Amino acid sequence: MIDLHTHSTCSDGSDSPTRIIELAAAAGCSAVALTDHDGLSGIGAARARAEEVGIGFVPGCEVSCLFSPGTMHVLCYFAEPGEGPLQDQLERLRSDRDTRNDRLIARLNELGIPISEELLREEAGDATLGRPHFATVLARLGAVESYQDAFDTLLAKGGPAYFPKAFIDAPTTIEAARGSGALAVLAHPLSTGLEPAELERQVAELADAGLAGIECWYGRYSAEERQGLVDIAARHDLVATGGSDFHGTYKPDLSVGTGTGDLDVPETALVQLTARRR
Ligand code: AMP
Ligand code: FE
Ligand code: FE
Ligand code: ZN
């Protein structure tokens, strides 16, 4: 068994990168990928621990791509910290987020709310600051009635403290990943909310753009849904991959390796993925 989709404290998970490696080994995984959102900062620590523990390790990240309606998540495997087009895109998204967070703090201060970078940092730890941290701190300060109220009255699109963030689309992510020697895989394809025929059309287009695989064995999908995705992968010569989307205590129903309990991603997924690297 393997797990090609996990999140650590480097994005929005509750466990450190090293802990995720330990959990994967304890679950009986022969390999695990760390796929934090929009960043590669956990890769070094995770790899070092994987070598100590004697488990296979795949460096990666998960990029939120603009897609209407909603977002489309693209997993990038064999992505290393350092130089390259994918890394440049991640840096662009990160620095835009910093600017956006500064603006958001300034706007909230203008509205008389004493929120600060320090308070947000206390809440977020090492993680990338985002609106959920703002909402939590706003609720704690008593500036809003609840976490959800923070979105409803201030942070949501159209609200007085809404700032859009920089975006990237899936084709650009796929191309950047390839330029960096990485492989792009469509994460949890059913989250796109597309009807089966339209999903398949989109997948075919992304395959033409260089997509390497789609995530079929996903913890929260039924056996039928997983098989349907495996069939789509086969029709478009894509690798069928899978993972738990582990987030620690933030998604307490998911475990590394076994997902909601019955997940068992075959090692062949990683063998096939590895074979696609040039
Ligand atoms: P950000 O990446 O900083 O724009 O934050 C996006 C996250 O904010 C989403 O993943 C949700 O967790 C949360 N979020 C966005 N819009 C809302 C909303 N209207 N109500 C509650 N949570 C929201
Ligand atoms: Fe996440
Ligand atoms: Fe995702
Ligand atoms: Zn994820």
Side-chain angles (χ1 to χ4, degrees), residues 3-15 17 20 33-39 41-42 60-67 69-77 90 92-105 107-108 115 117 120 123-124 126-139 144-168 170 173 184-193 213-221 229 241-254 256 259:
D3 189 337
L4 297 179
H5 193 160
T6 65
H7 296 267
S8 76
T9 45
C10 293
S11 62
D12 58 348
S14 65
D15 291 286
I20 287 186
L34 181 67
T35 54
D36 277 307
H37 295 284
D38 303 334
S41 59
C61 61
E62 181 177 23
V63 181
S64 302
C65 299
L66 187 76
F67 178 72
T71 60
M72 184 180 261
H73 289 184
V74 174
L75 293 157
C76 298
Y77 293 116
L90 296 174
R92 177 177 72 84
L93 295 172
R94 199 195 57 73
S95 74
D96 173 82
R97 244 183 204 285
D98 287 347
T99 311
R100 177 191 191 226
N101 289 335
D102 290 347
R103 285 194 185 145
L104 187 40
I105 292 170
R107 172 64 55 83
L108 292 168
I115 199 166
E117 168 113 41
L120 289 158
E123 176 58 34
D126 291 338
T128 308
L129 279 187
R131 282 184 294 166
H133 302 113
F134 279 84
T136 304
V137 173
L138 286 167
V144 293
E145 278 166 26
S146 65
Y147 176 94
Q148 188 56 47
D149 189 43
F151 277 97
D152 295 346
T153 61
L154 292 166
L155 305 174
K157 190 167 184 179
Y162 173 72
F163 295 95
K165 63 185 176 199
F167 62 82
I168 185 166
T173 303
V185 168
L186 178 61
H188 39 71
L190 303 183
S191 305
T192 54
I214 61 174
E215 190 172 56
C216 302
W217 295 288
Y218 187 66
R220 287 179 170 161
Y221 292 168
L229 290 166
T241 73
S244 63
D245 209 358
F246 178 76
H247 280 73
T249 55
Y250 301 118
K251 292 188 182 177
D253 58 318
L254 298 175
V256 176

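Just so you know, ligand 1 is whichever comes first in the structure, and atom 1 is the first atom listed for that ligand. Scope of the values below: all heavy atoms of this structure, side chains included, with no hydrogens, waters or symmetry mates. Quantities reported herein were computed from a predicted structural model and do not represent experimental measurements.
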Are any side-chain N or O atoms of S11 and backbone N or O atoms of D36, one a donor and one an acceptor, separated by less than 3.5 Å?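 Pair absent, no side-chain N/O of S11 close to backbone of D36.
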Looking only at atom types and distance, does a side-chain atom of T35 sit under 3.5 Å from a main-chain N or O of L75, one as donor and one as acceptor?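 Such a contact is absent between T35 side chain and L75 backbone.
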Quick test: of every protein heavy atom, which one is nearest to [atom], and how far off is it to 0.1 Å?
atom	value
atom 1 (P) of ligand 1	K165 NZ, 3.5 Å
atom 13 (C) of ligand 1	F151 CZ, 3.4 Å
atom 20 (N) of ligand 1	Q148 NE2, 3.0 Å
atom 6 (C) of ligand 1	R131 NH2, 3.8 Å
atom 11 (C) of ligand 1	P132 CG, 4.6 Å

With the Fe ion (ligand 3) as the apex, the ND1/NE2 angle for H73 and H188 - to 10°: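 Result: 100°, to 10°.
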Looking at ligand 1, does any of its N/O atoms fall within less than 3.5 Å of an N/O of Y147?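 No - when backbone and side-chain N and O of Y147 are compared with those of ligand 1, no distance drops under 3.5 Å.
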Is the closest N or O pair between D152 and ligand 1 shorter than 3.5 Å?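 No; every N/O pair is 3.5 Å or more apart.
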Side chain proximity check, D38 to V63, heavy atoms < 4.5 angstrom: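 In contact.
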Side chains of H247 and D12 in contact at under 4.5 Å (non-hydrogen atoms):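 Yes, close enough: below the 4.5 Å cut-off.
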Separation between CG of D152 and CD of E145, rounded to the nearest 0.5 Å: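 Answer for the CG-CD pair, D152 versus E145, is 10.0 Å.
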Straight-line distance of D245 CG to D3 CG, nearest 0.5 Å: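 So the gap between those two atoms works out to 9.0 Å.
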Quick one: does ligand 1 sit under 4.0 Å from the side chain of H37, the backbone, both or neither, non-hydrogen atoms only?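 No part of H37 comes within reach of ligand 1.
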Near Q148 CD, under 6.0 Å, is it more than 12 heavy atoms from other residues, nucleotides or ligands?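 For Q148, atom CD is crowded (more than 12 foreign heavy atoms under 6.0 Å).
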Take atom OH of Y162 as the centre, draw a 6.0 Å sphere, and report whether it contains more than 12 heavy atoms from other residues, nucleotides or ligands.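 Above 12, so yes.
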Does atom 9 (C) of ligand 1 have any protein heavy atom closer than 4.0 Å?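 No, there is none.
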Whether D96 and R92 form a salt bridge (side-chain N of Lys/Arg under 4.0 Å from carboxylate O of Asp/Glu) is what I want to check.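 Judged by the 4.0 Å cut-off on N to carboxylate O distance, R92 and D96 do not form a salt bridge.
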So is K157 close enough to ligand 1, meaning a heavy atom under 4.0 angstrom away?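 So K157 does not count as touching ligand 1.
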If you check every N/O/S atom of E62, which is the one nearest the Fe ion (ligand 3)?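 Nearest N/O/S atom of E62: OE2.
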Atom name of the N, O or S atom in D12 that lies nearest to the Fe ion (ligand 2):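 When I compare the N, O and S atoms of D12, OD2 is nearest to the Fe ion (ligand 2).
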Just jot down the ligand 1 atoms closer than 4.0 angstrom to any heavy atom of G130, in number order.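 That gives atoms 3 (O) of ligand 1.
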Under 3.5 Å, is there a donor on one side chain and an acceptor on the other for E62 and H73?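 Indeed, the side chains of E62 and H73 share at least one donor-acceptor pair under 3.5 Å.
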Using a cut-off of strictly less than 2.8 Å, determine whether D245 has an N/O/S atom near the Fe ion (ligand 3).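 D245 does not place any N, O or S atom closer than 2.8 Å to the Fe ion (ligand 3).
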So what does the H247 NE2 - the Fe ion (ligand 2) - H37 NE2 angle come to, to 10°?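 Rounding to the nearest 10 degrees gives 130°.
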